[in-house]
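Accompanying notes for the structure given below.
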Amino acid sequence: MGNNSSETRLVKPIFWISTLYFAMGIPFVTINAVSGIMYKDMGISDSKITFWTALIMFSWTLKPLWSPFLEIYKTKKFFVVATQFAIGILFALIALSLPMPDFFKYSIALFAVVAFCGATHDIAADGTYINFLTNKEQAKYIGWQGAFYNLAKIISSGVLVYFAGVLEKTKGVTNAWMIIMGIYGLLFFALAVYHYAVLPKENKQEKQTQKAGNVRKELLEVITSFFKKKNIMWAVLFIILYRFAEGFAIKIAPLFFKAPRTSGGLGLSTSEIGLIYGTYGSAAFILGSVLAGYFIAARGLKRSLIWLCSAFNIPFVVYALLAYFQPTELLPVGVAVVVEYFGYGFGFVGLMLYIMQQIAPGEHKTAHYAFATGIMNLGVMIPGMFSGMISDWVGYKMFFIWVLIATIPAFIVTWLVPFSYPEKLKED
């Protein structure tokens with residue numbers, strides 16, 4: 001039950017939910033996608049980009065392990081504001097590191113700290129949402145939460161990447177990306193100040209005070225009870241392998257777009273990538289996600305799951321076609337990205353709903369949901385780390401053929417995965 005006292009409800013929830021989840025989306029998208037385009041512009045190899053930008057995403061996998069300890073110290077508002085301010089400083093430092101001779105090692109280290117702060121921010125933001133909203137309000141605002149998270153994707157990998165491409169023509173590559181990283185820094189300073197003013201406060205008497213030893217014991221109980229669940233190893237295998245091919249494709253696709261045609265790429269400019277990959281692709285993802293909800297509601301998850309898996313994995317064929325034909329027109333590239341991202345959004349909903357309905361239920365529902373999503377990220381992170389090495393070795397054409405082969409385990413495990421809890425297709 002949320003906290004609704006007048007002391008804590010100074011502004012309507014929509015005014016902080018929108019900005020809070022927008023702030024949540026920026027670090028993840030920037031590290032996962034935008035940093036790769038920046039490093040490609042600055043002459044870093046695909047293998048180096050994919051390995052390190054995937055590895056530093058590990059914080060989002062591990063975040064359930066330190067989330068209980070945030071309950072011991074300070075408040076959720078404190079951690080939201082502190083991490084946003086820290087991220088602002090870190091982006092400013094990244095901007096300053098780019099002209100240095102060893103810019104890659106300094107900037108990637110700073111991005112790793114951004115990832116840790118971003119993962120910690122996610123914990124505090126979700127905690128704020130759950131703690132200060134009633135069940136009815138949580139349902140009311142869940143759509144806005146997703147919309148503003150995806151708006152962060154459009155702004156970061158769309159608008160700002162496009163702007164970086166425009167700046168490159170007059171300022172040069174290094175200065176262009178210094179400006180973009182500086183914009184990220186200023187954005188987070190502004191968000192920190194804004195959330196300091198508008199986020200609800202926890203009453204001191206309601207703040208839980210626990211000892212670290214009790215929290216460790218509770219965390220151990222959450223982990224052990226998770227692995228005692230019925231059919232849990234099948235479920236873990238499913239959530240890892242469902243996104244296995246995506247882990248390869250998602251890291252290389254923007255680098256493939258940027259690579260010169262003589263190297264097997266499409267030779268697109270940074271602005272063109274920002275336009276089609278960040279903006280049109282993100283819009284298609286949102287549309288696919290919405291339609292998938294209606295599709296599952298009509299058929300049930302169990303009957304829908306193999307279709308969702310197909311929608312998620314089969315569209316990767318568009319990258320193989322682009323690598324084979326290397327079109328010179330922008331239209332077929334844009335259509336391919338829209339098709340792939342629509343399927344991505346449509347199929348991704350099935351995975352998240354399976355975690356929610358078939359893995360999370362039980363005594364530690366929220367903690368098990370967070371733990372399962374952390375494990376899920378391994379299925380993307382590990383192949384992403386080695387995607388650049390494989391593409392450098394076999395070339396883009398054969399790499400995207402490999403991506404299609406890598407979809408096979410997803411179909412097998414989706415076909416065989418058990419449903420431990422009966423579905424409720426009708427409301428009680």
Side-chain angles (χ1 to χ4, degrees), residues 28-29 31-37 39-40 45-55 57 153 157 161 239-259 263-266 268 273 276-278 280-282 284-285 288-289 308-327 332-348 350-351 376-411 413-414:
F28 188 89
V29 174
I31 295 172
N32 196 41
V34 178
S35 66
I37 299 171
Y39 287 135
K40 186 74 172 179
S45 68
D46 287 5
S47 58
K48 205 171 181 180
I49 293 170
T50 54
F51 181 85
W52 287 104
T53 59
L55 180 61
M57 303 290 289
K153 182 182 291 186
S157 60
V161 170
I239 62 177
I240 289 177
L241 293 180
Y242 192 91
R243 300 181 68 189
F244 186 65
E246 178 208 347
F248 290 106
I250 198 169
K251 281 292 183 183
I252 293 297
L255 307 182
F256 160 64
F257 289 166
K258 184 70 179 173
S263 300
L266 298 185
L268 300 185
I273 294 172
I276 65 169
Y277 200 74
Y280 297 156
S282 297
F285 177 88
S289 300
L308 296 164
C309 178
S310 300
F312 189 85
N313 286 283
I314 291 175
F316 291 132
V317 73
V318 300
Y319 294 129
L321 293 172
L322 290 176
Y324 183 80
F325 290 105
Q326 287 186 281
V333 182
V335 170
V337 169
V338 166
V339 168
E340 194 272 310
Y341 258 54
F342 177 85
Y344 182 15
F346 195 88
F348 188 72
L351 177 60
M376 175 192 70
N377 284 333
L378 287 175
V380 181
M381 189 194 83
I382 294 173
M385 287 170 62
F386 301 102
S387 58
M389 299 177 191
I390 297 172
S391 68
D392 285 350
W393 178 38
V394 302
Y396 291 122
K397 284 184 182 179
M398 289 305 300
F399 174 80
F400 287 115
I401 296 297
W402 161 248
V403 169
L404 296 179
I405 295 171
T407 66
I408 295 173
F411 285 101
V413 75
T414 299

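Note that the numbering runs from 1 along the sequence shown for the chain. Excluded from the calculations below are hydrogen atoms, water molecules and symmetry mates; all remaining heavy atoms, backbone and side chain alike, are included.
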If every non-hydrogen atom of [X] is compared with every non-hydrogen atom of [Y], which pair is closest and at what distance?
X    : Y    : answer
G247 : I250 : O-CG2, 4.1 Å
S310 : P315 : O-CD, 3.6 Å
P409 : L241 : CB-CD1, 4.1 Å

When rounded to the nearest 0.5 angstrom, what distance separates [atom1] in [X] from [atom2] in [Y]?
X    : Y    : atom1 : atom2 : value
I240 : M376 : CD1   : CE    : 10.5 Å
L404 : F316 : CG    : CZ    : 9.0 Å
S157 : I273 : OG    : CD1   : 11.0 Å
F256 : Q326 : CZ    : CD    : 6.5 Å
N313 : R243 : CG    : CZ    : 11.0 Å

Suppose the criterion is salt bridge (Lys or Arg N to Asp or Glu O under 4.0 Å): which pairs have a residue in residues 46-55, not counting sequence neighbours?
K40-D46
Check: [Y] and [X] side chains under 4.5 Å, non-hydrogen atoms:
X    : Y    : result
N377 : M57  : no
T50  : L255 : yes
K251 : N32  : yes
Y319 : F399 : no
I390 : F248 : yes
T407 : I314 : no

Would you confirm whether T414, through its side chain, and F411, through its main-chain N or O, come within 3.5 Å as a donor-acceptor pair?
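Checking the backbone N and O of F411 against the side chain of T414, no donor-acceptor pair under 3.5 Å is found.
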The side chain to side chain contact (heavy atoms under 4.5 Å, CB included) partner of L322 among F400, Y396, F257 is F257
Heavy-atom count around M389 CE within 6.0 Å, excluding the residue itself: above 12?
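Buried by this count: over 12 neighbours within 6.0 Å.
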With sequence neighbours left out, write down each residue that passes ring pair (Phe, Tyr, Trp, His ring centres under 6.0 Å) with Y39, or none if nothing qualifies.
F104
Under the ring pair (Phe, Tyr, Trp, His ring centres under 6.0 Å) rule, collect the residues that match up with Y280, sequence neighbours excluded.
none
Are the aromatic rings of Y242 and F312 close, with centres under 6.0 Å apart?
yes
Over 60° means perpendicular and under 30° means parallel, so classify the ring planes of F348 and F285, tilted if in between.
tilted
